[in-house]
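Read through the structure below, which is laid out as structure tokens, and then see the notes.
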Amino acid sequence: MELESLKYIWHSLEAPPAREPDHGALLALLEKRSRGPVARMRRNLIGEGILLLVTYIPGILCYWLEFDGRLSAISWLLALLALLFFGYYSRKYRLLTEMQCVTSPVRSSLAQQVETLKKYTRFYLRAGTGIIPLTYLLSYAIIRWKLPAPPAFYHRLHPTPWWASPAFWLILLVPITIGIYFINAWYINKLYGRHIKKLQELLQEMEAE
Amino acid sequence: MQDPAIQQAFIRLVNEHRGMLYKVCRLYCFTEPDRQDLFQEIVIQLWRSYASFRGEAKFSTWLYRIALNTAISGLRKQQRLISPTDPGQLPTELQDIQYPAEKEEQLQLLYAAIEQLSEVEKALTMLYLDDKSYLEMEEILGISQNNLRVKMNRIKEKLRKITQAVTYGIGKS
């Protein structure tokens with residue numbers, strides 16, 4: 001059968017159904033939330049942001065107001081982390097907003113989605129990996145700064161150079177960071193890998209001559 | 001954008017073009033619940049973008065872009081996204097339409113053939129069958145007219161082979 005003859009069948013689909021259109025149902029649709037993947041990612045991100053605020057704010061206040069202010073450094077650490085997370089979430093949110101470009105021609109919309117999703121996953125991987133050693137180092141610095149130094153006789157019993165302890169923790173940090181990098185990479189690929197691949201294939205097909 | 005007049009105008013436009021929306025849903029989804037999901041998502045996306053429509057492109061071009069973008073990349077294929085209780089809320093005109101037996105058979109043949117095309121090929125076929133010019137197709141898909149012609153020739157050949165095979169298959173059974 002030729003494509004031209006399929007046109008006749010196709011146009012017969014134009015015939016409106018006998019039933020009257022249901023305005024009420026269409027109106028109800030306008031109130032619904034999008035179930036598309038990007039919209040759901042954005043909602044999840046907002047949920048995570050709210051969870052962050054709900055868990056960090058009481059922690060910050062607790063360490064700031066309790067213990068006679070002796071542990072206020074921990075509240076500074078938590079506030080700094082909350083700020084970093086806020087930057088992390090807002091960057092991700094901006095990228096997701098960029099990804100919603102349904103009014104563009106299909107090819108440019110696909111290209112934009114692929115590019116932004118790649119940027120998103122790169123940022124996810126780098127920031128998600130970087131935040132762990134950063135927290136680790138900050139916590140270490142606070143512990144060293146806040147904890148009282150061991151008594152002098154301890155040093156006489158266990159003579160160690162000043163750099164031994166930081167070097168030990170730094171060396172420990174390397175395999176932890178590498179491990180977290182690979183776990184993050186695996187997780188991000190599990191979340192977005194197939195979707196990116198599908199979008200790339202569609203784009204390639206559109207661009208192929 | 002909660003102005004009832006704007007909502008009514010939007011619904012009127014959606015109703016005017018519901019045949020096209022219905023076709024996109026039939027083309028990209030094989031089951032009724034999936035079609036309803038897609039229809040819902042397209043209407044939501046149209047409504048969210050409605051305020052930004054400034055008439056720079058034809059309304060139908062704008063509509064096709066959103067519908068195809070949503071169908072091709074917005075939803076993951078054959079994934080149920082709304083609960084089974086929701087379909088009652090959906091417009092009745094999207095529910096299965098019964099055509100006369102002969103027409104239904106032809107439609108099945110058409111869809112059986114189109115089902116075997118890729119998502120991009122489906123979009124092209126739909127625009128072609130809807131008598132869109134290559135210029136309009138370019139505006140909707142963002143593919144150059146030369147490339148569109150090449151692709152269309154390949155699709156025609158592919159569909160010819162598929163429909164022959166499908167017809168033969170039907171005749172055998």
Side-chain angles (χ1 to χ4, degrees), chain A residues 1-40 99-114 117 194-195 198-199 201-209, chain B residues 7 10-11 14-15 18-19 22-23 26 37 40-41 43-45 47-49 52-53 62 65-66 68-70 72-76 81-82 89-93 97 99 103 106-107 109-110 113 118-120 123 125 128-131 139-143 147 150 155-156 159-160 163-164 167:
Chain A
M1 191 186 281
E2 293 294 328
L3 193 55
E4 295 304 320
S5 58
L6 290 176
K7 267 190 183 179
Y8 163 73
I9 310 170
W10 185 256
H11 284 294
S12 67
L13 281 171
E14 294 281 1
R19 277 171 286 192
E20 279 296 303
D22 189 343
H23 285 254
L26 273 175
L27 208 59
L29 278 189
L30 307 187
E31 306 297 325
K32 284 184 181 281
R33 295 192 307 183
S34 167
R35 300 286 187 130
V38 178
R40 277 183 293 150
M99 235 182 277
Q100 287 189 313
C101 46
V102 284
T103 54
S104 309
V106 179
R107 190 176 143 273
S108 32
S109 168
L110 281 173
Q112 167 102 348
Q113 280 186 65
V114 170
L117 199 54
R194 263 200 338 205
H195 191 56
K198 187 195 157 195
L199 292 175
E201 282 169 1
L202 284 166
L203 191 60
Q204 274 167 6
E205 190 187 343
M206 289 195 103
E207 285 170 349
E209 291 279 335
Chain B
Q7 282 188 341
F10 173 78
I11 286 171
V14 169
N15 270 323
R18 70 187 191 280
Y22 174 68
K23 280 191 250 183
R26 285 277 318 235
D37 279 356
Q40 174 177 316
E41 191 58 32
V43 173
I44 292 170
Q45 293 300 335
W47 176 236
R48 291 178 66 174
S49 312
S52 65
F53 177 67
W62 179 80
R65 278 182 187 172
I66 295 178
L68 289 173
N69 270 323
T70 309
I72 290 176
S73 60
L75 279 181
R76 283 170 192 169
L81 293 171
I82 48 177
Q89 299 269 318
L90 290 165
T92 50
E93 71 265 31
I97 301 161
Y99 290 103
K103 198 169 177 179
Q106 287 176 323
L107 277 176
L109 178 67
L110 173 68
S118 72
E119 275 142 341
V120 175
T125 308
Y128 182 83
L129 291 172
D130 272 343
D131 288 323
E139 282 174 357
I140 294 164
L141 297 173
I143 302 175
N147 196 357
V150 174
I155 293 171
K156 279 179 192 172
L159 270 174
R160 192 177 298 120
T163 47
Q164 274 168 2
T167 312

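Residue numbers start from 1 in every chain, and the chains themselves are labelled A, B, ... in the order their sequence lines are given, proteins ahead of strands. Computed over heavy atoms, backbone and side chain alike; hydrogens, waters and symmetry mates excluded.
Heavy atoms of A/Arg33 lying under 4.5 Å from chain B belong exclusively to its backbone. Only the side chain of B/Phe10 comes within less than 4.5 Å of a heavy atom of chain A; its backbone N, CA, C and O stay farther away. If you measure heavy-atom distances from A/Gln100 to chain B, the contacts under 4.5 Å come from the side chain alone.
Atom-to-atom distance recorded for B/Gln40:CD and A/Lys32:NZ is 5.0 Å, nearest 0.5 angstrom. For the atom pair CD (A/Glu205) and CD1 (B/Ile143), the distance works out to 8.5 Å, reported to the nearest 0.5 Å.
Closest approach of B/Asn69 to A/Cys101, counting heavy atoms only: ND2-O, 4.0 Å. Heavy atoms only, all atoms of each residue included: A/Gln113 and B/Ser73 are closest at NE2-OG, 3.0 Å. Here the closest heavy-atom approach between residue B/Leu141 and residue A/Pro105 is recorded as C-CB, 4.0 Å.
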Go through it in stages, so that I can follow the logic: the residues are A/Ser34 and B/Glu41, the test is side-chain contact (heavy atoms from CB on, under 4.5 Å), and I'd like the CA-CA distance, side-chain angles, deciding distance and then a yes or no. CA-CA 6 Å; A/Ser34 167; B/Glu41 191 58 32; 2.5 Å; yes

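Note: B/Val120 leads B/Asp131, B/Val43, B/Val120 in heavy-atom pairs under 4.5 Å with chain A. Looking only at heavy-atom pairs under 4.5 Å with chain A, the residue among B/Ile140, B/Asn147, B/Ile66 that has the most is B/Asn147.
Inter-residue side-chain proximity for B/Glu119 and A/Leu202 is flagged as met; some heavy-atom pair is nearer than 4.5 Å.
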